[in-house]
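Following: one structure in structure tokens, then a few remarks.
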There are 2 protein chains.
Amino acid sequence: MQSIKRTTIKDVAKMANVSPSTVSRVISNSPRISEETAKRVKYCMNELGYYPNAIARSLANKTSNTIGLIMPVRPGETLLNPFFQEALRGIVRGATVCSYDVLLATFQGGEDEIDSMRKLISASKIDGVILMTSRVNDNAIKYLREINFPFCVIGSPLDDKQIFNHVDNDNITASYELTKHLIDEGKKKIAIIAGDKNLIATVHRIKGYEKALIETQCKLDENLIYTGDFDEKTGYTYAKYLFENKINPDAILATDDLVAFGVVRYLLEKDIKIPDEVAVASFNNSILSRQFQIPITSVDIHADTLGEEAVKILIEYMQEGKVKRKIVPHTIHIRRSSSSKSSRF
Amino acid sequence: MQSIKRTTIKDVAKMANVSPSTVSRVISNSPRISEETAKRVKYCMNELGYYPNAIARSLANKTSNTIGLIMPVRPGETLLNPFFQEALRGIVRGATVCSYDVLLATFQGGEDEIDSMRKLISASKIDGVILMTSRVNDNAIKYLREINFPFCVIGSPLDDKQIFNHVDNDNITASYELTKHLIDEGKKKIAIIAGDKNLIATVHRIKGYEKALIETQCKLDENLIYTGDFDEKTGYTYAKYLFENKINPDAILATDDLVAFGVVRYLLEKDIKIPDEVAVASFNNSILSRQFQIPITSVDIHADTLGEEAVKILIEYMQEGKVKRKIVPHTIHIRRSSSSKSSRF
DNA sequence: CTGAAAGCGCTTACAG
DNA sequence: CTGAAAGCGCTTACAG
């Protein structure tokens, strides 16, 4: 297709009457170039519309200036959940600021996440990887550590024994505060319906919930804790279970808005008053939580900031080799689902 | 960081007792290699864990096997709207099937979409581009045609005089059918509140609406047609306008679910019965349209399929140079917002 | 069917 | 401060 002759470093060199090496040094802002030469070379580059070939550059200095991201295949993880989209925005924005590009891949057939990473890494297409979640026994993390390839995860290690770059919310505290809020609203029997129990985020959110209950001397009841998936069905199913089995909580904490919708749908069907009879609170502050018939109290985890910070940490690591972690503050939005006093909503 | 010595084509050649050229030919499945040699070389590649360096390959054959995608910056275009996310999934899936990767970039500061494309193209990082929308006077399309760079747009040209690769729904027909449905429900005065009027999709959806009205001899009233943005505010504002100015339509067609939510919010506030007093229908079949207090009739445009087909068309074009267009069928979901007879919802 | 050689467009020690 | 040369890891006409 493209048969347009590219202008190369040689053309610039010829025009500026210097060697290609010099042009290369001008491009990379080498300090050992006279200002005069630099100016002349830059002028010629402009004149010729020269733009360095990133591929050639990558080959020569063994770095692609590209970050890899494996897109999850399970629709539940991306299609429905705005988290991925917002985090992605943050990642791309952060990368752009640092002059990196983002390569998006997915897997198919018999492959898994690790296969797709291996491919990109072996092919030298990427310099580092962003992992969008952290699981209890995370094979992707294990793999990347084994081959000692730069990465940063959005999420946390299970415990502090594992050390790697990561950025996360303080999910324990967020969940703790949310539970406290429900207690402050006079709720005595608070259930939690959480997402995938293999996600560290789930583990942490349950932990925060338990912490608040223990602290305020409420009972910690096994019958009030459930895990499932990040979807509406999980919420509906366990809400139904709770009431059909006469466990009858007066508040339900969901770890994702989608789960909360399922909960609310059940409550509405049964004409259970929200928040008076049962309060609901949740995570992610998606547009649904704001627009829903009954606006839902929800924690904004600032997914875009998580994404942006993850890239920054990764790039810094690639340049300086220092492992970092960063906690992004959350914001709790109190709405009608948990507080009859709630003003605007 | 990475000081692991890569195994290269030379290592394989040495082990297999052939020249690097031969190994290269085995990699690219050249037919002029004896089966025996091929087998031996493949064995050695496996043994050494060899994986071709994509960057070196790109440099040598001037093709990156990567497709570029410019992520819109305006939050309204991506953050809130699931269209982008679903289309992206389709794009990445389609690319993976064809062994392509997807490079995601955005712009910042004084740049625009075209600057970021220019960068990626000049740097030889991508072989083709997917455009996620088409506008009335689309500079991105103009630019790509000028430099004769392969691209495919999700959307349509304004008229058939412009020829380029694209995939789209038949928005005129979809809108026509939706309007007909409202007429069939007994509605006589149907308003349309559309998104950005510079988008071809908006133009087409208004056209389909008008076509249905003209055909059924309803009046075509300028006071019933509004354009704004793809957001809730637009819906709320114009719904309010329609009723405060006593235009009082008995149905409102929105061109996006977010717009529809704004409309519904206004109607609920004013205690206007849906669908009896005012019916509402919309586009995109987002999860909100299904989960909302009042489930909203909406057209599923199958954004993921649009994305997947766009990549396929683009890749075919890059290989064979044939310009193509494809129409992805839509699905209309009738729900309570427009039909009291609607069963499940 | 296979190999030697040149080349893709850069970078970077080395030498001056 | 600048240049000549080698090299990054492939591909591909050309020759045999």
Side-chain angles (χ1 to χ4, degrees), chain A residues 2-42 44-45 48-66 120-127, chain B residues 1-42 44-45 48-66 120-125 127:
Chain A
Q2 303 300 106
S3 52
I4 308 132
K5 191 93 191 298
R6 284 189 55 95
T7 68
T8 74
I9 211 171
K10 282 187 192 166
D11 303 317
V12 178
K14 205 167 289 171
M15 176 168 172
N17 246 302
V18 292
S19 74
S21 327
T22 301
V23 177
S24 170
R25 288 188 185 106
V26 172
I27 292 167
S28 54
N29 280 314
S30 161
R32 340 177 285 170
I33 289 287
S34 79
E35 236 177 85
E36 194 201 357
T37 315
K39 201 170 286 175
R40 194 169 72 246
V41 170
K42 276 176 189 163
C44 296
M45 297 197 322
L48 295 171
Y50 169 77
Y51 202 92
N53 182 321
I55 300 295
R57 217 170 172 186
S58 289
L59 184 59
N61 64 20
K62 292 163 174 304
T63 171
S64 63
N65 267 258
T66 304
L120 295 181
I121 295 170
S122 308
S124 294
K125 285 192 110 168
I126 57 176
D127 298 338
Chain B
M1 303 256 53
Q2 302 300 108
S3 52
I4 308 132
K5 190 92 189 299
R6 284 189 53 95
T7 70
T8 74
I9 211 171
K10 281 187 191 166
D11 303 318
V12 178
K14 205 168 286 169
M15 177 168 172
N17 245 299
V18 292
S19 75
S21 327
T22 300
V23 177
S24 170
R25 289 189 185 105
V26 171
I27 291 168
S28 55
N29 280 314
S30 160
R32 341 177 285 170
I33 289 286
S34 79
E35 236 178 84
E36 195 201 357
T37 316
K39 200 171 289 175
R40 194 170 72 247
V41 170
K42 274 175 190 164
C44 297
M45 297 197 322
L48 296 172
Y50 169 76
Y51 203 92
N53 182 319
I55 299 295
R57 220 171 170 184
S58 290
L59 183 59
N61 64 20
K62 293 163 174 303
T63 171
S64 63
N65 268 258
T66 305
L120 295 182
I121 295 170
S122 308
S124 295
K125 285 192 112 168
D127 297 338

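Throughout, protein chains are lettered first and strands after them, A, B, ... in sequence-line order, and every chain is numbered starting at 1.
Checked against side-chain hydrogen bond (donor to acceptor under 3.5 Å, both in side chains), A:S34 has the following partners two or more places apart in sequence or in another chain: A:T37. For A:D127, the side-chain hydrogen bond (donor to acceptor under 3.5 Å, both in side chains) partners are A:T63, A:S64, not counting sequence neighbours. Remark: A:S28 engages no residue in a side-chain hydrogen bond (donor to acceptor under 3.5 Å, both in side chains) (not counting sequence neighbours). Shown here are the side-chain contact (heavy atoms from CB on, under 4.5 Å) partners of B:K62, two or more places apart in sequence or in another chain: there are none. Taking the side-chain hydrogen bond (donor to acceptor under 3.5 Å, both in side chains) definition, one finds that B:S24 meets it with nothing, sequence neighbours left out. With sequence neighbours excluded, no residue satisfies side-chain contact (heavy atoms from CB on, under 4.5 Å) with B:K14. Residues passing the side-chain contact (heavy atoms from CB on, under 4.5 Å) test with A:A60: none are found, sequence neighbours excluded.
Among the heavy atoms of the strands lying under 4.0 Å from A:T37 are primed sugar atoms or P, OP1, OP2 only; no base atom is included. Residue-level contact check: B:S124 touches neither bases nor backbone, having no heavy atom under 4.0 Å from any strand.
Taking every heavy atom of residues 16-25 of chain B and every atom of DNA chain C, pairs under 4.0 Å involve B:V18, B:S19, B:S21, B:T22, B:R25, by number.
Separating the P atom of D:dC10 from that of D:dC14 is a span of 24 Å, rounded to the nearest Å. The separation of C:dT12 from C:dG16, taken at their C1' atoms, amounts to 16 Å, rounded to a whole angstrom.
The two residues A:S58 and B:I55 make their nearest non-hydrogen contact at CB-CG2, 3.6 Å. Contact record, B:R40 with B:N17: NH2-O, 4.1 Å, taken as the closest heavy-atom pair.
Of the residues listed (B:V26, B:V12, B:V41), the one engaging B:V18 in a side chain to side chain contact (heavy atoms under 4.5 Å, CB included) is B:V41, and it is the only one.
Toward the 5' end of DNA chain C, the nearer of the two residues B:S34 and B:K62, judged by each one's closest nucleotide, is B:S34.
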Practice problem: Using a 3.5 Å limit on both pairing distances, list the dot-bracket string of DNA chain D from the 5' end; Watson-Crick and G-U wobble pairs count, crossing pairs take [ ], interstrand pairs take |. | Solution: |||.||||||||.|||
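Protein chain B contacts DNA chain C over a range whose 5' and 3' limits, counting nucleotides with an atom under 4.0 angstrom from a non-hydrogen atom, are C:dC1 to C:dG9.
The closest side-chain heavy-atom distance from A:I27 to A:R57 is below 4.5 Å.
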